[in-house]
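Hydrogens, waters and symmetry mates play no part in the numbers below; they use all other heavy atoms, side chains included. Protein chains get the first letters and strands the later ones, always in sequence-line order, with residue 1 at the start of each.
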Amino acid sequence: MPELPEVETCRAGIEPYILGKRFRRLLIREARLRWPIAPELSLLLPGLCVLAVKRRGKYILLETEAGHVLLHLGMSGNLRIATAGQQVRKHDHADFEFTDGTLLRFNDQRRFGSLLWTAEPPEEHALLRDLGPEPLSESFNAAYLHHLARRRAAAVKLLLMDSRAVVGVGNIYASEALFAAGVHPGRPARDLTLAEWESTAGCVKSILRQAIAQGGTTLRDFVNEQGKPGYFQQQLGVYGRAGEACRRCGALIEQVRLGQRSSFYCPVCQPVAA
DNA sequence: CAACGGACCTGCCTGC
DNA sequence: TGCAGGCAGGTCCGTT
């Protein structure tokens, strides 16, 4: 479900409810996520304060005096602010309860998400250590991509979805950014010119910024901390639109499979040859 | 190194 | 109506 815009929507949404609050307890209903929730976390968390609510790639980090809670939403994960006594729903795997009564509830149908603890600086954690640059940072630019891709025969879309190359870009926004850039998703990454990387990097940034401004994309079930959907799906140019007319040229949008993921593109706006 | 397939899960939709 | 198969916003891990 969530790519960077949805995770950022979630982070920004929960921040005002939990920043500066003190954990009273952690209730774990189902510990079997991508990795099991460490049982010690229930003992360790009470009494600690949320000093910051940060994001790195698709991870949400809750900073405390003693370490960081690392949250990943996987494909179907979600964080909601619940009110006291609110009915527990299917797949509500964990509740963070604060001393003022605020409840942060983690729901994840497919259990690909994770809830971890690290006492070391989070950037040194095994899961964050090798992550590439943030797409909205200066270091994510054409020169970086051009150099990184010089020996990569794999499709450019797969490079954009490789978290060691850049974080936060998933299946929707990779297709959307390449459409905006006019680059065919299946082109070998090493074949793109510096000018094409210029366009691609710029489009990744602008698409992500627009999606964040719209509260993310809701295809099936993404909702923010209040249970409200995002609105970026109304601006999707190609994702999920196979057989429909390109909004720019009218040609029919095509769908191919790259790295076991559905990929969408306009055959006219995104020609195979540069 | 890079590339690929399989794995982890639940639920929904399609077609027989 | 049931059931098999495919698909879904992620990403780690083992093998070539």
Please tell me if the side chains of Tyr17(A) and Glu225(A) come closer than 4.5 Å, counting only heavy atoms from C-beta onward.
-> yes
Thr9(A) side chain to Asn224(A) side chain, donor-acceptor N/O pair below 3.5 angstrom | no
Quick one: which of Glu15(A), Glu6(A), Glu134(A) gives a salt bridge (Lys or Arg N to Asp or Glu O under 4.0 Å) with Arg55(A)?
-> Glu134(A)
Mind calculating the distance between CG (Leu4(A)) and P (dG10(C)) to the nearest angstrom?
-> 11 Å
N/O contacts under 3.5 Å, protein versus nucleotides 11-13 of chain B?
unit_1  : atom_1 : unit_2    : atom_2 : d
dG11(B) : OP1    : Lys90(A)  : NZ     : 3.0
dG11(B) : OP1    : His91(A)  : NE2    : 3.0
dG11(B) : O4'    : Gln109(A) : OE1    : 3.4

Treat a base pair as Watson-Crick or G-U wobble with both distances under 3.5 Å, then lay out DNA chain B in dot-bracket form, 5' to 3', with | for cross-strand pairs.
-> .|||||||.|||||||
Please determine, by modelled atom types, if Tyr239(A) and Thr217(A) share a side-chain donor-acceptor pair under 3.5 angstrom.
-> no
Considering only heavy atoms from C-beta outward, does the side chain of Leu208(A) approach that of Glu8(A) to under 4.5 Å?
-> no
Give me the ring orientation class for Tyr59(A) and His72(A): parallel if the planes are under 30° apart, tilted from 30 to 60°, perpendicular past 60°.
-> perpendicular
Strictly below 4.0 Å, heavy-atom distances to any atom of DNA chain B: list the hits from residues 115-130 of chain A, or just say none.
-> none
Starting at CG of Asp221(A) and ending at P of dG10(C), how long is that distance when rounded to a whole Å?
-> 12 Å
dC9(B) and dG2(C), which share atom name C1', separated by this distance in whole Å | 23 Å
So, the side chain of Lys157(A) versus the backbone of Gly259(A): is there a donor-acceptor pair under 3.5 Å, distance only?
-> no
Does a donor on one side chain sit under 3.5 Å from an acceptor on the other, for Ser263(A) and Arg257(A)?
-> no
Short side-chain donor-acceptor distance under 3.5 Å, Tyr265(A) and Glu254(A) = yes
Do the side chains of Leu61(A) and Ile212(A) join up, straight or via other hydrophobic residues, at under 4.5 Å, putting them in one cluster?
-> no
To the nearest angstrom, how far is Leu33(A) atom CG from dT10(B) atom P?
-> 12 Å
Would you say a side-chain N or O of Arg257(A) is under 4.0 Å from OP1 or OP2 of dA8(C)?
-> yes
Scan side-chain atoms only and decide if Asn107(A) and Asn78(A) contain a donor-acceptor pair under the 3.5 Å cut-off.
-> no
Okay, side chain of Thr64(A), backbone of Gly67(A): is any donor-acceptor separation there less than 3.5 Å?
-> yes
Span that lies between the P atom of dG6(C) and that of dG5(B), in whole angstrom = 15 Å
Taking a hydrophobic cluster as the set of Ile, Leu, Val, Met, Phe, Trp and Tyr residues connected by side-chain heavy atoms closer than 4.5 Å, whether directly or through intermediates, do Leu236(A) and Val256(A) fall within one such cluster?
-> no
Rounded distance (Å) that lies between atom P of dC9(B) and atom CZ of Arg32(A) = 8 Å
For the pair made of CG in Leu131(A) and P in dT11(C), what is the distance, rounded to whole Å?
-> 9 Å
So, does Glu3(A) use its side chain to make a donor-acceptor pair with the main chain of Val169(A) at under 3.5 Å?
-> no
Is NZ or CZ of Arg248(A) both nearer than 6.0 Å to the six-membered ring centre of Phe179(A) and within 45° of the ring axis?
-> yes
Specify the separation, in whole Å, of atom CZ of Phe112(A) and atom P of dC13(C).
-> 15 Å
Is any side-chain N or O of His72(A) closer than 4.0 Å to OP1 or OP2 of dT11(C)?
-> yes
Cluster overlap Leu131(A) with Leu158(A), hydrophobic side-chain contacts below 4.5 Å = no
P atom, dT10(B) versus dT1(C): distance in rounded Å?
-> 26 Å
Enumerate, atom names and distances included, each donor-acceptor pair closer than 3.5 Å involving a side-chain atom of residues 33-50 of chain A, sequence neighbours excluded.
none

Think Ser262(A) has a side-chain N or O under 4.0 angstrom from the OP1 or OP2 of dA8(C)?
-> yes
Taking the C1' atom of each, how far is dG9(C) from dA2(B), in whole Å?
-> 26 Å
Would you say dG10(C) has OP1 or OP2 under 4.0 Å from some side-chain N or O of Arg261(A)?
-> yes
Starting at atom CD of Gln260(A), determine the distance to atom C1' of dA7(B), rounded to an integer number of angstrom.
-> 11 Å
How is Arg34(A) classified with respect to the nucleic acid when contacts are heavy atoms under 4.0 Å: base, sugar-phosphate, or nothing?
-> base
Ignoring hydrogens and angles, are the base of dG10(C) and the side chain of Arg110(A) linked by a donor-acceptor pair under 3.5 Å?
-> no
Near DNA chain B, under 4.0 Å by heavy atom, which residues of residues 147-155 of chain A?
-> Arg152(A), Ala153(A), Ala154(A)
Just how far, in rounded Å, is C1' of dG9(C) from CG of Leu73(A)?
-> 11 Å
Show each protein N/O and nucleotides 3-6 of chain C N/O combination with a separation under 3.5 Å, one pair to a line.
none

Is the phosphate of dC8(B), meaning OP1 or OP2, less than 4.0 Å from a side-chain N or O of Arg111(A)?
-> no
